[in-house]
Amino acid sequence: MRGKAREGCYDRVMRGKRLGLSAAAVLLAAAAGYAYWRRGGTLPMAAPAAALAPAAPQDEVSLPGRIRAQHLIDVPPPQDGTISAFFADIGQEVYEGQLIARVTNESFETAQQATARAVEAAQARLSSQESAVLASRLEASRARAEASRARGDYDRLERTQRRQEMLYREGAAPKLAAERAAREYELAQSEYRGLEGVA
């Protein structure tokens, strides 16, 4: 009786092991089928012996692939307008401060042209004023020279008039010579005062 019980117990354990092994085999087959389906229906090929050998150390490793930027930065233009020229291609690396594009703004260009015309007109006015100042300085220099000449004549005629007056009082010169010297002196005095005022 005990032997039969042992055999029954042994059969149940063996049946449980067989059932567990069968379930594991079915799960393994299902996993292989799923992997086959995920790969698109191709089975992995056995790697050649050369591929399994350890790779020799190399300085460079090249891998094909596509690199995508982690951060995209918008670079707004400092002014509104139309882009007239690009100086960088798409995907090209740029550095801070590099000229990427030229933006043209018609209102700025119009204002710039108007400013340039105003500057030219102001330059023309300035040059004409400078010419007028130079001409005035030249005239002032001439007037000073004339006033200096008139001053010399005035001083000379004043001395002559005093001399003639003294000679007339002493009776050494006629009255007519003294009067003529006085008239010349008065004319020289008025001319000198006029030219001094102009200078």
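Heavy-atom basis, side chains included; hydrogens, waters and symmetry copies ignored. Here the structure is a predicted model, which means the values were calculated and not measured.
In this structure, the side chain of S148 does not engage the main chain of R144 through any donor-acceptor pair within 3.5 Å. The backbone N or O of R137 sits nowhere less than 3.5 Å from a side-chain atom of S141 that would complete a donor-acceptor pair.
For the atom pair CG (L187) and CG (L157), the distance works out to 9.0 Å, reported to the nearest 0.5 Å. Rounded to the nearest 0.5 angstrom, Q112 CD and S107 OG are separated by 11.5 Å. Separating the CD atom in Q129 from the CZ atom in R125 is a distance of 9.0 Å, to the nearest 0.5 Å. Atoms CG and CD1, from D89 and I100 in turn, are 12.0 Å apart once rounded to the nearest 0.5 Å. With values rounded to the nearest 0.5 angstrom, T115 atom OG1 is found 11.5 Å from F108 atom CZ. In this structure, OG1 in T160 is found 11.0 Å from CG in L167, a value given to the nearest 0.5 Å.
For E186, the salt bridge (charged side-chain N to carboxylate O under 4.0 Å, His left out) criterion is met by no residue, not counting sequence neighbours. Checked against side-chain hydrogen bond (donor to acceptor under 3.5 Å, both in side chains), R142 has the following partners two or more places apart in sequence or in another chain: E139. Partners of A32 according to the side-chain contact (heavy atoms from CB on, under 4.5 Å) rule, which considers only residues two or more places apart in sequence or in another chain, do not exist here.
Shown here for T104 and E109, the closest heavy-atom pair between the two residues is CB-OE2, 3.6 Å. Closest approach of F87 and Q98 over heavy atoms only: O-NE2, 4.4 Å.
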Test salt bridge (charged side-chain N to carboxylate O under 4.0 Å, His left out) applied to D153 and R149, step by step: CA-CA 6 Å; D153 290 347; R149 181 198 56 78; 2.9 Å; yes
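In the hydrophobic clustering of this structure, V103 groups with F86; members are Ile, Leu, Val, Met, Phe, Trp, Tyr whose side-chain heavy atoms approach within less than 4.5 Å, directly or through other members.
For the pairing with Q161, the side-chain hydrogen bond (donor to acceptor under 3.5 Å, both in side chains) check across Q164, R163, R159, E165 returns one residue only, E165.
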